[in-house]
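What you see is a predicted model, and the numbers here were worked out from it, not measured in a lab.
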There are 2 protein chains.
Amino acid sequence: MLNDHTQSISQDCGDCPIRHRAVCARCETDELARLEEIKYYRSFEAGQTVIWSGDRMDFVGSVVSGIATLTQTMEDGRTQMVGLLLPSDFVGRPGREGAAYDVVATTDMVMCCFRKKPFEDMMARTPHIAQRLLEMTLDELDAAREWMLVLGRKTAREKIASLLSIIARRDASLQLKGMDGPLIFDLPLTREAMADYLGLTLETVSRQVSALKRDGVIHLEGKRHVTVPDFARLLEEAGDDTDGGMLA
Amino acid sequence: MLNDHTQSISQDCGDCPIRHRAVCARCETDELARLEEIKYYRSFEAGQTVIWSGDRMDFVGSVVSGIATLTQTMEDGRTQMVGLLLPSDFVGRPGREGAAYDVVATTDMVMCCFRKKPFEDMMARTPHIAQRLLEMTLDELDAAREWMLVLGRKTAREKIASLLSIIARRDASLQLKGMDGPLIFDLPLTREAMADYLGLTLETVSRQVSALKRDGVIHLEGKRHVTVPDFARLLEEAGDDTDGGMLA
DNA sequence: TCGCGCGCTTGATCTGCGTCAAGGTTTTCC
DNA sequence: GGAAAACCTTGACGCAGATCAAGCGCGCGA
C-alpha cells in the first residue's frame, strides 16, 4: 500500500515534513502540487501558546523544527501532558471543530500549516491522505496507550527512564543515527514539564534524575545535556524489555 | 461529509454495528453488499482471550454484544488496561500486522468480523471507510488522552468516580436514555479489572467504592448493581466540570 | 558588574495508597 | 446440600512520592 514508499520519499525531503508524511508523492504528484499551493508557515517563540483547548482550530499542520507539547488542565490547576510533538509530527484533527488540548511551544518552533477546509477537501479527493493520516493516528494511539502503562503502573524511577528512552530514541531517529554506542542529546523539557508528562512533581523528577546519574545510568553536563552510555541498561531501568515504545 | 448521515442509518441497524459505523450506507450500497458477503461472527465466553499481544491478527471487527478489554502487561506481571470495548466499538488496526495488546472478553461477547485483507482492499476502493475509521480512531485517541489525565493526576476517589461516570454515560447512550434522573447500570468489571484500568490495587478500589456509597454518591445493590442519584454530583467527585469525557 | 529571577537541587516531614492479612459472601460444581 | 473457588471487604502497617522549605547557580537586563 502506501507505507512501502513513504520511506523512500523521506530522502528528498524538502523543508515541509507533511509533504511525505501525510501524502505519498509517487501516487499523486498533482495533489502534491496543490498542497504546495496552500501551505504556509508559522513561527512560535519558546513558551508561546499555539492554541488553547476548546478554541476553534482552522488549520492542520506539522512541526518543522522545535518542540511543542499537548496538555490538559483541571480547574484546580493540576496539569497532565498528553503528547510531545517533535519535528515531523502532525498537529490537528481533520473533521473536528475545536482543539482538544492546549498546544504550547516549549522551544522556538516552526510549523507548516494548511487551512483546514482545503486540506479536508483534498483529503476527500485523495484517498491516500486519509489512509496515511489513519496510519499516523494509529501510531499516536499506540503511543498514548503505551504511556498509560507508564502513568498507571511504573515507579518514579521507571517513569524517568521511560521518558529518557523515548526522547533518546526519537532524537536518534531524527538524526538518522543508530542505537549503538553512547547516545547524546539535549533534554527539550524543563523538570516541571517532565513532571507534567510523568504525573509526578518536579521535586521527584529532580531526585530521580540525580539518582540515575549517581547510579551511572546517565551522565549529565549542565542540567540538560544527557549522555546515555548503555541504552539497554536504560531500557532495563524503564521496565521495558526489548520493545518499541513510542511517543506522540 | 460522512458524519451527517451516519446518525440516520443507525435507525435501521441490523445486527452488525460495523455496517453503519465503518461505512456509510447512503453513499455506497454496492460496497455495503460486498462487506455483507465477507462478514462473519465470532462468539467468546467470559474470560476468554480474543488475541494475545503480538499475535498475528488477520481480522478487524466490532463488538456486537458483551464487553472486552485491552490490556498491557509488564514482564513482572503489572498490568494496565488501556481500553474498554463496548458494543459498537471497533477492534483491529487496518494496515498493521500484529495485535498491540491483549484483548480479553470480560463477559460473554459476540463480535462481527471481516478478514483483514478484503477489508483493507475495500478500504482502498472506498474512501469513506478510511475517513470514518479516522474519525473513530481520533475519538479513541481523545479517550486515551483523557484517560492519561485520570491516571496521572487524579486521586483514587476521583479515579473511581471518573470510571463510574464513563460507564454510566456509555450505558445511557447505548440504551438511548437521557442523562436526567437517576442512572442505573451494572458494573461490567470486577474490582480487579477496575483496579487495572485505574492504576490502583483492588483493595483501594473496594475501599473507595465503599466510601462513595457511604457518602451517598452512589447506591449499591449487591456488588455490581449501581444507582447514581445525582450525575452532576458524581462528575464533581470525578474532578470533571461539565466536560464530555470518553472511553475506548 | 551587580542583582534579580528562574530553573534546579536537596532536606525534612507528611500522607495516600500499597501491602499483608483475615474473614465474609456469592457462585459454581460435584 | 456441601465444598471449593471466586470475588469482595475491612483492618493494620509501611513506604513511595507529595508537600513544605531552604538554598544554589546561571543567564539576563539594568
Side-chain angles (χ1 to χ4, degrees), chain A residues 45-47 69 74 76-80 104 106-108 150-164 186-215 218-226 237 239, chain B residues 45-48 74 76-80 104 106-108 150-164 186-215 218-226 237 239:
Chain A
E45 294 179 11
T69 63
M74 294 171 66
D76 63 6
R78 282 176 280 176
T79 78
Q80 175 65 50
V104 180
T106 60
T107 64
D108 291 347
V150 173
L151 289 172
R153 293 302 186 190
K154 291 195 177 179
T155 65
R157 173 183 261 244
E158 288 170 335
K159 286 179 175 181
I160 301 287
S162 298
L163 180 55
L164 291 176
D186 283 303
L187 273 177
L189 301 173
T190 65
R191 298 290 186 262
E192 185 176 23
M194 291 172 69
D196 284 343
Y197 205 169
L198 297 166
L200 297 171
T201 60
L202 69 91
E203 292 95 330
T204 298
V205 170
S206 181
R207 272 186 257 270
Q208 296 299 336
V209 169
S210 299
L212 288 176
K213 177 181 167 188
R214 176 166 19 83
D215 299 346
I218 58 174
H219 298 280
L220 277 183
E221 242 171 274
K223 315 293 188 187
R224 300 290 194 89
H225 195 73
V226 181
E237 291 286 352
Chain B
E45 294 178 13
Q48 208 180 336
M74 295 172 66
D76 62 6
R78 283 177 280 176
T79 77
Q80 175 66 49
V104 180
T106 60
T107 64
D108 290 348
V150 173
L151 289 171
R153 292 302 185 190
K154 292 195 178 179
T155 65
R157 172 183 262 244
E158 289 170 334
K159 284 179 176 182
I160 301 287
S162 298
L163 179 56
L164 291 176
D186 283 303
L187 274 178
L189 300 174
T190 65
R191 298 288 185 266
E192 186 176 23
M194 291 173 68
D196 283 344
Y197 206 168
L198 297 166
L200 298 171
T201 60
L202 68 91
E203 292 95 329
T204 298
V205 170
S206 183
R207 272 186 258 269
Q208 296 298 337
V209 169
S210 299
L212 288 176
K213 178 181 166 189
R214 174 164 22 79
D215 299 345
I218 59 173
H219 299 282
L220 278 183
E221 244 170 274
K223 315 293 189 187
R224 301 289 194 90
H225 194 73
V226 182
E237 290 287 351

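- Under the 3.5 Å distance criterion, the side-chain polar atoms of B:Asp108 are matched with a main-chain donor or acceptor of B:Ala46.
- Between A:Val205 and A:Lys223, the residue anchored closer to the 5' end of DNA chain D is A:Val205, taking for each the nucleotide with the nearest heavy atom.
- Screening residues 186-212 of chain B for salt bridge (Lys or Arg N to Asp or Glu O under 4.0 Å) gives A:Arg153-B:Asp196 as the qualifying pairs, with residues at least two apart or on separate chains.
- For A:Ser206 and A:Arg153, each mapped to the nucleotide of DNA chain C holding its nearest heavy atom, the one lying further toward the 5' end belongs to A:Ser206.
- Where B:Arg224 and A:Arg157 each meet DNA chain D at their nearest nucleotide, the meeting point lying more 5' is that of B:Arg224.
- From the 5' end on, the contacts that DNA chain C makes with chain B at under 4.0 Å to a non-hydrogen atom open and close at C:dC17 to C:dC20.
- Under the side-chain contact (heavy atoms from CB on, under 4.5 Å) criterion, B:Thr155 pairs with A:Arg78, B:Arg157, B:Glu158, sequence neighbours left out.
- With rounding to the nearest 0.5 Å, the separation of OG1 in B:Thr204 from CD1 in B:Ile160 is 8.5 Å.
- Partners of B:Ser206 according to the side-chain hydrogen bond (donor to acceptor under 3.5 Å, both in side chains) rule, which considers only residues two or more places apart in sequence or in another chain, do not exist here.
- Applying the side-chain hydrogen bond (donor to acceptor under 3.5 Å, both in side chains) rule to B:Thr106 yields no partners; only residues at least two apart in sequence or on another chain are considered.
- Rounded to 10 degrees, the angle separating the terminal helix axes of the helix from C:dT1-D:dA30 to C:dC30-D:dG1, each built from five base pairs, is 40°.
- Interface limits on DNA chain D: the 5'-most and 3'-most nucleotides within less than 4.0 Å of chain A heavy atoms are D:dG17 to D:dC20.
- For the atom pair CD of A:Gln80 and CG of A:Leu151, the computed distance is 5.0 Å after rounding to the nearest 0.5 Å.
- Residue B:Thr201 is in base contact, counting any heavy-atom pair closer than 4.0 Å across all strands shown.
- Within 4.0 Å of B:Gly199, counting heavy atoms only, lie sugar-phosphate atoms of the nucleic acid but no base atom.
- With B:Lys213 contributing its side chain and B:Ile218 its backbone, the two residues share no donor-acceptor pair below 3.5 Å.
- The CG atom of B:Leu163 sits 11.0 Å away from the NZ atom of B:Lys154 when rounded to the nearest 0.5 Å.
- Counting any heavy atom pair closer than 4.0 Å across all strands shown, B:Leu202 reaches a base atom.
- Looking at residues two or more places apart in sequence or on another chain, you find a side-chain contact (heavy atoms from CB on, under 4.5 Å) between A:Glu221 and A:His225.
- Rounding to the nearest 0.5 Å gives a distance of 6.0 Å between CG of B:Leu187 and CG of B:Leu164.
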